[in-house]
Amino acid sequence: MTGPDGALWFTEFTAKKIGRIPTTATVENLKLTEFAIPGSTGPLGITTGPDGALWFTEAVGDKIGRITTTGEVTEFRIPTASSGAIATGPDGALWFTYFRGKVGRMTTTGAVTELTISPENSSPGGITSGPDGALWFTESVSGKIVRMTTDGEMTEFALPNPDAQPWGIATGPDGALWFTEASCVRQQASRCIVGNRIGRITTSGSVTEFAITSDGSETHSITTGPDGALWFTEYYGSRIGRLVLP
């Protein structure tokens with residue numbers, strides 16, 4: 001993601017680091033800077049905060065981290081472990097998902113509120129601030145996209161395929177929400193062959209899906225690029241995909 005300094009910032013889950021690459025970097029000269037995170041953190045989601053710093057989740061800990069563009073790290077404890085994605089909300093707070101059926105809200109001073117999703121095993125994944133002043137997140141287990149106001153009022157939208165597993169979500173340049181979607185399309189030698197789609201949902205709940213040709217790669221994270229296209233990762237395919245808006 002693009003940080004407040006114009007560079008690209010990302011998490012390194014296994015290495016327990018936050019990375020920074022300037023947009024002027026090339027393959028031959030990445031100019032990579034890495035900042036170590038203390039403890040067994042497993043940094044996962046990351047977003048630009050309203051205070052000019054980067055905020056990230058710690059998937060194997062019970063903390064939310066803050067890192068300045070110079071690498072100074074501050075951690076804030078949260079009541080429940082295993083946080084996933086994170087986004088800055090329209091209310092100026094940090095909103096993040098838990099893998100255990102909850103969504104959290106944290107102010108920049110560290111005050112935390114938790115909201116339980118029903119059912120509790122819904123496993124919310126990606127989260128983003130929508131164009132309508134609400135938060136939008138995916139439910140990877142129940143196959144739904146959820147709209148949530150900053151007061152906690154939730155509206156669920158079921159996807160056409162009941163076996164769909166949406167994960168990443170982002171606001172597109174067209175004023176809709178775009179998300180990644182995987183689903184088990186067939187079994188082969190006791191292994192699930194994953195189908196890939198990119199989905200689009202309007203703020204009123206109308207869903208359109210676009211098939212990705214690479215079989216079994218599992219689309220994962222997604223963001224809007226500076227070129228007005230949607231860019232996404234393929235978890236098992238080791239590729240980056242680009243989708244041009246119709």
Taking side chain to side chain donor-acceptor pair (under 3.5 Å) as the definition, give me every residue that meets it alongside [X], ordered by chain and number, with sequence neighbours left out.
X: T14; value: none
X: T33; value: none
X: T202; value: S204

Looking at residues at least two apart in the chain, or sitting in another chain, which of them share a salt bridge (Lys or Arg N to Asp or Glu O under 4.0 Å) with [X]?
X: E209; result: none
X: E114; result: K102
X: D227; result: R242

Determine the minimum heavy-atom distance between [X] and [Y], stating which atoms define it.
X: G126; Y: T97; answer: O-CG2, 4.3 Å
X: R77; Y: M106; answer: O-CE, 4.4 Å
X: V112; Y: P79; answer: CG1-CD, 3.8 Å
X: M148; Y: L115; answer: SD-CD1, 3.8 Å
X: A59; Y: F99; answer: CB-CE1, 4.3 Å
X: G133; Y: P90; answer: O-CG, 3.4 Å

Item to complete: Quickly, which of I18, L32, L54 forms a side-chain contact (heavy atoms from CB on, under 4.5 Å) with F10? Name it, please.
Response: L32

[X] (side chain) donor-acceptor with [Y] (main chain) under 3.5 angstrom:
X: T11; Y: G45; answer: no
X: T69; Y: A53; answer: no
X: T219; Y: A182; answer: no
X: T138; Y: W167; answer: yes
X: T149; Y: D151; answer: yes
X: T57; Y: G84; answer: yes

Practice prompt. Return the set of residues passing ring-ring contact (aromatic ring centres under 6.0 Å, His included) with W136 (not counting sequence neighbours), or none when no residue passes.
Written response: F157

Discussion item. Could you work out, with ring-ring contact (aromatic ring centres under 6.0 Å, His included) as the rule, every residue matching Y98, not counting sequence neighbours?
Written reply: F96

Who pairs with [X] by side-chain contact (heavy atoms from CB on, under 4.5 Å), at least two apart in sequence or on another chain?
X: S221; value: T233
X: A87; value: I127
X: A15; value: E12, K17

Discussion item. Evaluate I198 against F232 for side chain to side chain contact (heavy atoms under 4.5 Å, CB included), listing each step before the verdict.
Written reply: CA-CA 9 Å; I198 299 296; F232 57 92; 3.9 Å; yes

Discussion item. Pair S83, I78 - check side chain to side chain contact (heavy atoms under 4.5 Å, CB included), show working.
Written reply: CA-CA 9 Å; S83 53; I78 54 178; 4.2 Å; yes

Discussion item. Membership question, hydrophobic clusters at under 4.5 Å side-chain separation (ILVMFWY): are I86 and M1 in the same one?
Written reply: no

Fill in: Beyond-backbone contact of I37 with V73, side-chain heavy atoms, under 4.5 angstrom
yes

